Trainee: 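Dropping the structure in here first, questions after.
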Amino acid sequence: MKIHIKPLSLAFFIAANAFALHVNAAEENVQYRDPPRWGVPDRTPQARFETMKKENTNAYAQAMNDCRAMRGRAAADCKRDARVNFDRDMQRAREMTLGARR
């Protein structure tokens, strides 16, 4: 017994499955909420600076992690650029927060 599947119905089946996989991947798990402390604004310049410092440090760590996937000259350039961006962002954070006290 031979089963003949028409190419159009096969294409439709593949497209439907691809769409279903995409929809499942896009669903957000709302079971976990942000901690209440994340909604509390920073009230002092020092607190704003500390928040910016954490954000900049995490961005730098992510950039360095991305650089580790590279090799040779590209990796060295990537690490140098990540450090330059981190230093620039930290200087900007100092100017925006600690400079406001003057």
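Quantities reported herein were computed from a predicted structural model and do not represent experimental measurements.
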Trainee: Once side-chain contact (heavy atoms from CB on, under 4.5 Å) is applied, do any residues pair with Arg71, and if so which ones, sequence neighbours excluded?
Mentor: none
Trainee: Go through the steps for Gln62 and Asp66 under the test side chain to side chain donor-acceptor pair (under 3.5 Å), then give the verdict.
Mentor: CA-CA 6 Å; Gln62 179 64 45; Asp66 294 344; 3.1 Å; yes
Trainee: Once rounded to the nearest 0.5 Å, what's the spacing between atom CE of Met52 and atom NZ of Lys54?
Mentor: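 Spacing of CE (Met52) from NZ (Lys54) equals 13.5 Å.
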Trainee: Residues in side-chain hydrogen bond (donor to acceptor under 3.5 Å, both in side chains) with Glu55, at least two apart?
Mentor: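 Listed in chain order: nothing, the list is empty.
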Trainee: Can you list everything that forms a side-chain hydrogen bond (donor to acceptor under 3.5 Å, both in side chains) with Thr51? Sequence neighbours excluded, please.
Mentor: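 In terms of side-chain hydrogen bond (donor to acceptor under 3.5 Å, both in side chains), with neighbours along the sequence ignored, Thr51 is linked to Asp42.
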Trainee: Which residue pairs satisfy the ring-ring contact (aromatic ring centres under 6.0 Å, His included) criterion with at least one member in residues 41-84, sequence neighbours excluded?
Mentor: Tyr60-Phe86
Trainee: Kindly list each side-chain donor-acceptor pair under 3.5 angstrom involving residues 75-85, sequence neighbours excluded, with atom names and distances?
Mentor:
{"residue": "Asp77", "atom": "OD1", "partner": "Arg80", "partner atom": "NH1", "Å": "3.0"}
{"residue": "Arg83", "atom": "NE", "partner": "Asp87", "partner atom": "OD1", "Å": "3.3"}
{"residue": "Arg83", "atom": "NH2", "partner": "Asp87", "partner atom": "OD1", "Å": "3.4"}
{"residue": "Asn85", "atom": "OD1", "partner": "Arg88", "partner atom": "NH1", "Å": "3.0"}
{"residue": "Asn85", "atom": "OD1", "partner": "Arg88", "partner atom": "NH2", "Å": "3.3"}
{"residue": "Asn85", "atom": "ND2", "partner": "Asp81", "partner atom": "O", "Å": "3.3"}

